[in-house]
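Report on one structure; see the data block that follows.
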Protein chains: 2
Amino acid sequence: MTFPDLFERFATDILPMSISDATHLKFQSLARYVSARCGDAPFTGSGHDQMVFIARGSTKLVAQASHGREQIVAFNFEGDLVSVPARAAHAYSLIALVDCELIYFPADRFFQLAQEEAVIVATMLDRALQALSRCREKTITLGRKTAQERLSSFLIAMGDRIGVACDKGVALDLPMSRRDIGDSLGLTIETISRQLTELRSEGLIETPGRSQILLLNRVELNARAGHMQVAA
Amino acid sequence: MTFPDLFERFATDILPMSISDATHLKFQSLARYVSARCGDAPFTGSGHDQMVFIARGSTKLVAQASHGREQIVAFNFEGDLVSVPARAAHAYSLIALVDCELIYFPADRFFQLAQEEAVIVATMLDRALQALSRCREKTITLGRKTAQERLSSFLIAMGDRIGVACDKGVALDLPMSRRDIGDSLGLTIETISRQLTELRSEGLIETPGRSQILLLNRVELNARAGHMQVAA
DNA sequence: TTCGAAAATTGATCCAGATCAATGAAGTTC
DNA sequence: GAACTTCATTGATCTGGATCAATTTTCGAA
């Protein structure tokens with residue numbers, strides 16, 4: 001896909017229809033493009049906070065703690081806008097889970113430009129609050145849940161974000177490995193594997209391939225996730 | 001303190017100087033005020049997302065998982081603006097840690113109003129990104145750290161937010177109990193207590209009273225927290 | 001100043017999930 | 001299509017922090 005096509009995808013998703021052509025063009029001239037191969041970490045050591053739009057592919061936002069331990073802070077998919085901090089108490093990097101096409105901006109200039117029109121900042125704010133909400137849910141999962149509850153929460157969340165409805169339930173084609181799932185849920189690959197086996201043997205899921213998971217019973221999975229019952 | 005005084009505190013902290021008197025007045029007429037006693041949960045069951053400004057006091061944002069387990073998602077202090085969701089996968093409530101005075105708004109109308117001036121939305125966005133950043137750091141702490149690292153991270157973070165420099169180091173007067181610290185770090189009170197004893201016996205902290213903690217050696221605490229070394 | 005209740009500390013035991021170890025299943029490359 | 005290599009599963013053992021159980025301390029109220 002060419003750069004104009006990719007930028008157009010960004011504009012459609014993020015920039016409200018109503019904005020002026022002038023502002024649209026300024027965003028276009030600020031935008032940079034990078035094609036990342038699976039495993040690449042295109043923004044490490046950039047020295048500046050970046051705003052990254054996932055035009056195609058999926059990524060993980062990884063934080064490095066000491067002793068080489070990694071914690072995945074978020075998974076991101078096509079259409080997501082991710083803020084990648086250059087420096088904090090932990091080092092962050094955005095890593096491609098599959099081949100990706102990314103549009104990115106220096107965060108400071110991006111926000112400065114966004115301020116030209118309130119509706120753009122409002123879109124950003126909306127996205128940021130959504131990210132905050134997801135991160136809060138993750139906090140709960142990591143703080144107070146068992147391995148099975150964590151994995152169930154993860155499967156439900158992935159079902160909502162990238163699941164495809166099919167006759168047997170919801171089909172997932174996960175771009176991340178067992179290790180990634182573990183690094184996201186604060187568990188080891190072995191525990192992930194054991195819990196998948198457990199859920200499979202109880203008939204809640206099927207795992208037809210290494211990266212395919214079929215959610216057969218969302219209601220029960222939701223209960224396993226320790227979520228509050230949502231009133232009908 | 002009277003309502004106008006409290007609203008003025010909100011306006012000073014959140015509304016940029018440059019906004020028009022008309023917008024200022026609209027915020028004032030949308031604002032509601034509540035005085036919460038220690039332990040109160042003024043927004044449970046409100047049915048709507050709320051934006052809450054802590055004019056005086058400190059609060060905890062608590063999420064309820066099933067089986068009565070609680071996870072504290074964030075602590076908030078004077079001057080903070082907290083978004084309190086009405087419904088999500090978990091039930092949230094904002095609980096006063098001490099007697100508080102709160103200014104609050106229905107979130108939808110608050111954001112609608114904020115959009116009248118880009119600079120206000122930008123302030124909100126800035127606050128939201130700060131909350132996201134804190135929440136991400138919390139995610140790392142809960143996902144990949146030992147009890148001692150969690151507690152050290154907590155003490156460092158509290159030092160930064162409400163610490164007072166004194167001759168021996170940084171003095172903390174914590175408004176939250178050991179239970180709250182545990183519920184925030186995904187640990188039990190017993191573990192918190194044991195780790196405090198450990199840090200005390202190593203001369204990194206002193207605990208002169210139930211709620212007072214003195215950080216004697218921030219550098220070593222930071223290392224214990226498993227943070228990345230920040231270059232000088 | 002003493003009393004009572006809540007909060008914190010300390011100790012003993014237990015267990016969910018980590019770690020260590022081996023095997024099995026998919027891709028990949030030549 | 002055989003040999004690698006990586007990823008996933010399964011099993012055995014270990015351990016950090018939970019749980020259970022007393023004290024002990026703190027601090028507000030009388």
Side-chain angles (χ1 to χ4, degrees), chain A residues 37-39 60 65 67-71 97-99 141-155 172-202 205-213 224 226, chain B residues 37-39 60 65 67-71 97-99 141-155 172-202 205-213 224 226:
Chain A
R37 304 292 299 277
C38 172
K60 55 181 177 180
H67 311 298
R69 291 167 300 176
E70 295 199 337
Q71 173 64 41
L97 290 171
V98 297
D99 293 355
T141 297
L142 294 178
R144 284 283 177 240
K145 293 198 178 175
T146 64
Q148 182 160 117
E149 290 173 321
R150 292 183 200 201
L151 186 58
S152 303
S153 295
F154 171 80
L155 292 175
L172 279 178
D173 189 3
L174 297 177
M176 69 290 283
S177 67
R178 299 284 187 269
R179 171 163 302 284
D180 288 330
I181 300 174
D183 284 346
S184 168
L185 299 178
L187 300 167
T188 59
I189 30 176
E190 293 94 330
T191 299
I192 300 297
S193 192
R194 278 186 253 269
Q195 293 304 330
L196 282 174
T197 303
E198 175 81 12
L199 292 175
R200 200 184 313 119
S201 74
E202 296 185 71
I205 63 169
E206 278 174 22
T207 52
R210 189 181 278 189
S211 64
Q212 282 86 47
I213 298 185
R224 296 296 175 93
Chain B
R37 303 292 299 276
C38 171
K60 54 181 176 181
H67 311 299
R69 291 167 299 176
E70 295 197 338
Q71 174 64 40
L97 290 171
V98 296
D99 293 355
T141 298
L142 293 177
R144 284 284 176 239
K145 294 197 178 176
T146 65
Q148 182 161 117
E149 290 172 322
R150 293 183 199 201
L151 187 57
S152 302
S153 294
F154 171 80
L155 292 175
L172 279 178
D173 189 2
L174 297 176
M176 70 290 283
S177 68
R178 299 285 188 270
R179 170 164 302 284
D180 289 329
I181 300 175
D183 285 346
S184 168
L185 299 178
L187 301 167
T188 58
I189 31 175
E190 293 94 330
T191 300
I192 300 297
S193 192
R194 279 186 251 269
Q195 294 304 329
L196 281 174
T197 303
E198 175 82 11
L199 292 176
R200 200 185 313 118
S201 74
E202 295 185 72
I205 61 169
E206 277 174 24
T207 52
R210 189 181 280 188
S211 64
Q212 282 85 46
I213 297 184
R224 296 297 175 94

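Note: hydrogens, waters and symmetry copies are ignored here, and every other heavy atom, side chains too, is used. Each chain gets a letter, A, B and so on, in the order the sequences are listed, and its residues count up from 1.
In terms of phosphate contacts, B/Ser193 brings a side-chain nitrogen or oxygen within less than 4.0 Å of OP1 or OP2 of C/dT9. Using a 4.0 Å cut-off, no side-chain N or O of B/Arg194 falls inside it from OP1 or OP2 of C/dA8. For the pair B/Thr191 and D/dA18, the criterion of a side-chain N or O lying under 4.0 Å from OP1 or OP2 is met.
Using a 3.5 Å distance cut-off with no hydrogens or angles, the side chains of A/Glu149 and A/Ser152 do not pair a donor with an acceptor. Donor-acceptor pairing under 3.5 Å is lacking for the side chains of A/Arg178 and A/Ser193.
The structure places OG1 of B/Thr146 at 8.0 Å from NE2 of A/His67, a figure rounded to the nearest 0.5 Å. In this structure, CD on A/Gln195 lies 5.0 Å from CD on A/Gln148, to the nearest 0.5 angstrom. With rounding to the nearest 0.5 angstrom, the CZ atom of A/Arg194 is 11.0 Å from the CD1 atom of A/Ile192. To the nearest 0.5 angstrom, A/Leu142 atom CG is 8.5 Å from A/Leu187 atom CG.
Within the 3.5 Å criterion, the main-chain N or O of A/Ala65 finds no donor-acceptor partner in the side chain of A/Gln71.
Among the heavy atoms of the strands lying under 4.0 Å from A/Arg200 are primed sugar atoms or P, OP1, OP2 only; no base atom is included.
A heavy atom lying under 4.0 Å from DNA chain D marks the following residues of residues 172-188 of chain B, by number: B/Gly186, B/Leu187, B/Thr188.
Protein atom CD1 of B/Ile213 is 10 Å distant from nucleotide atom P of C/dA8, rounded to whole Å. If you measure from atom CD1 of B/Ile192 to atom C1' of D/dA18, you get 13 Å, rounded to the nearest angstrom. Between the CZ atom of B/Arg69 and the C1' atom of C/dA16 there is a distance of 13 Å, given to the nearest Å. Nucleotide C/dA16 holds its P atom 14 Å from the NE2 atom of B/His67, rounded to whole Å. Distance CD (A/Glu190) to C1' (D/dG11): 11 Å, rounded to an integer number of Å. Atom-to-atom, CD of B/Glu198 to P of D/dG16 comes out at 12 Å; the value is rounded to the nearest Å. As a whole-Å value, the separation of B/Lys145 NZ from D/dG16 P is 18 Å. Atom CG of B/Leu199 and atom P of C/dT9 are 12 Å apart (whole Å).
Mapped onto DNA chain C by nearest heavy atom, A/Gln148 and B/Ile189 fall at different nucleotides, with B/Ile189 at the one closer to the 5' end.
You'll find that the side chain of A/Arg210 is closest to D/dA8, out of D/dA21, D/dA8, C/dA6.
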